[in-house]
Amino acid sequence: MKPDLHNNPIVPQGWLRAVLFVVFYFGCLLIAGFFLLYSHKPPVDIKDIAKGNTPYLLLITNALISLAAVWLFRKVIDRKSFESIGFSIDKNGNHAGSGFFLGILLLCAGTCILYFSKNLVWTDISFSGNDLFISFGLMVIVAFYEEMVFRGYILNNLLESANKWLALCISALVFTLGHLANPDFSVVAAGNIFLAGILLGLNYIYTRNLWFGMMLHFSWNFFQGPILGYEVSGLHLQSLFQHDIQGSVLLTGGKFGFEGSLVASALCLLAIVALIWLYEKKYAFVHALSPVSDNTVV
């Protein structure tokens, strides 16, 4: 019987599909960003984003472009279902929960370190239900579309062509490049975004499921900015708690926020080592005996 060619990807190589997607995706984002920022009279200054005047239309546009691009490539180029990138919650609720609480744990640990080293001083509490609700929605959207793009599509396809560790590192590098335009970006911030890309993708290379990464991404961003008052990758958001940061920028992250600090670097590295040890131990038997499936890397 002849194979059903209609189910085979148009581009056989997973790495090439990932490259084509990256070019198409970032090209669309650049065009949309240029149009939205500079079609205004006067044009929107990118520095205003860091002051809290985030153009929400740009964020929503990025999310819609991400959704459309992944759906288009998955259906037309990969010839697979959109859901197969890892949206199944069945038997993955524990992964979602562990991702959510890991983000909170890392931020609480980092904040305690800065507080007890006298690099952080709490100054006020300001509750605004409206601001918190809007920030909650924005962080949900960001976590959803960034995980869908960088893990669900890019890492997914790279895993078809490369060793899982190489694929994970390449996807983390692309994730880092996607944040280059953020305000007050630094060398330490770049290193931490790369480590975050590794951390967010670790569960995926074993489970092919997005829920761990999405929940970790959401809890990290939401508790970092709207709750604890740090900048989120250089972007300022209204927060429940306000604080003053003092001391070395290398230790505190400065204007980029906690993600630009060496404390974040150490905590991310610790979490990465712990998860690798845990997953290698947990999935060692599966790796040895199980066939490749949509949900397990072997």
Side-chain angles (χ1 to χ4, degrees), residues 94-125 132 135-136 139-140 142-143 146-147 151 168 172 175-176 179 182 184-204 211-237 239-282:
N94 58 330
H95 294 295
S98 61
F100 179 81
F101 287 110
L102 178 60
I104 298 175
L105 176 63
L106 292 175
L107 282 166
C108 287
T111 300
C112 286
I113 290 172
L114 293 179
Y115 176 76
F116 287 110
S117 63
K118 299 182 179 180
N119 291 104
L120 181 150
V121 178
W122 298 111
T123 59
D124 198 6
I125 297 177
L132 208 59
S135 296
F136 180 90
M139 296 302 99
V140 168
V142 170
E146 288 195 352
E147 290 310 300
R151 261 61 66 179
L168 181 60
F175 183 62
T176 305
H179 290 77
N182 288 47
D184 301 299
F185 201 73
S186 66
V187 174
V188 176
N192 285 345
I193 298 297
F194 177 81
L195 290 176
I198 297 292
L199 185 58
L200 288 165
L202 262 178
N203 182 273
Y204 193 86
W211 281 100
F212 174 90
M214 285 193 295
M215 294 305 291
L216 171 57
H217 203 146
F218 164 73
S219 66
W220 176 272
N221 282 348
F222 183 68
F223 283 89
Q224 179 181 207
I227 300 298
L228 295 175
Y230 297 103
E231 282 75 13
V232 180
S233 299
L235 306 180
H236 177 77
L237 297 169
S239 63
L240 177 62
F241 295 99
Q242 281 84 49
H243 61 244
D244 285 334
I245 292 290
Q246 53 198 17
S248 171
V249 173
L250 288 175
L251 190 63
T252 66
K255 293 182 179 180
F256 192 77
F258 184 69
E259 291 173 359
S261 106
L262 291 178
V263 175
S265 306
L267 290 172
C268 284
L269 281 170
L270 182 62
I272 288 170
V273 171
L275 286 181
I276 290 175
W277 177 83
L278 178 65
Y279 290 148
E280 283 293 310
K281 183 178 181 180
K282 179 178 180 180

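These numbers come from the heavy atoms of this one structure, side chains and all, not from hydrogens, waters or symmetry mates. Since this is a predicted model, take the numbers as computed values, not measurements.
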- Checking side chain to side chain contact (heavy atoms under 4.5 Å, CB included) for the pair I272/L195: CA distance, chi angles, key distance, verdict? CA-CA 8 Å; I272 288 170; L195 290 176; 4.0 Å; yes

Scanning both residues in full, the closest heavy-atom pair of Q246 with K118 reads NE2-O, 3.1 Å

For this session: Answer with yes or no after comparing the ring centroid distance for F212 and Y204 against a 6.0 Å cut-off, counting only values under it.
Result: no

dist I113:CD1 -> T252:OG1 (nearest 0.5 Å) comes out at 13.0 Å

Minimal heavy-atom distance between Q224 and E231, with the atoms involved, is OE1-O, 3.6 Å

Residues pairing under side chain to side chain donor-acceptor pair (under 3.5 Å) where one sits in residues 100-116, two or more places apart or in two chains, turn out to be T111-Y230

In short, G99 meets S219 closest at the heavy-atom pair O-OG, 3.8 Å

Which label fits W220 and F258: parallel for a plane angle under 30°, tilted from 30 to 60°, or perpendicular past 60°? tilted

Notebook entry, point to check: Is the backbone of D244 close enough, under 3.5 Å, to the side chain of T123 for a donor and an acceptor to pair up by distance?
Noted result: no

Side-chain donor-acceptor contact under 3.5 Å, E259 with S233: yes

Nearest heavy-atom approach of G260 to V188 is O-CG1, 3.2 Å

Between the CG atom in L106 and the CZ atom in F101, the distance rounded to the nearest 0.5 Å is 13.5 Å

Rounded to the nearest 0.5 angstrom, the CG-NE2 distance for N119 and H243 is 11.0 Å

In short, G253 meets S261 closest at the heavy-atom pair N-CB, 3.5 Å

- prompt: Are any of the side-chain heavy atoms of L132 and F222 separated by less than 4.5 Å?
  reply: yes

Rounded to the nearest 0.5 Å, the CG atom of L199 sits from the CG atom of N192 at a distance of 11.0 Å

dist I276:CD1 -> L202:CG (nearest 0.5 Å) comes out at 5.0 Å

Note to self: Determine whether I227 and L107 satisfy the following criterion, side chain to side chain contact (heavy atoms under 4.5 Å, CB included), listing intermediate values before the conclusion.
What the structure shows: CA-CA 11 Å; I227 300 298; L107 282 166; over 6 Å; no

Correct closest heavy-atom pair for P226 and M139 would be CG-CG, 4.4 Å

message: Quick one, L275 with L102, criterion side chain to side chain contact (heavy atoms under 4.5 Å, CB included). Give me CA distance, side-chain angles, the key distance, then yes/no.
response: CA-CA 11 Å; L275 286 181; L102 178 60; 4.1 Å; yes

Are F100 and F223 close enough, and set up right, to give a side chain to side chain contact (heavy atoms under 4.5 Å, CB included), and what steps lead you there? CA-CA 10 Å; F100 179 81; F223 283 89; 4.1 Å; yes

*Is the distance between the ring centroids of F256 and F185 under 6.0 Å?*
yes

So OG of S135 and CG of L240: to nearest 0.5 Å the spacing works out to 10.5 Å

Checklist entry - For the residue pair F175 and H179, does the interplanar ring angle fall in the parallel (under 30°), tilted (30 to 60°) or perpendicular (over 60°) class? => result perpendicular

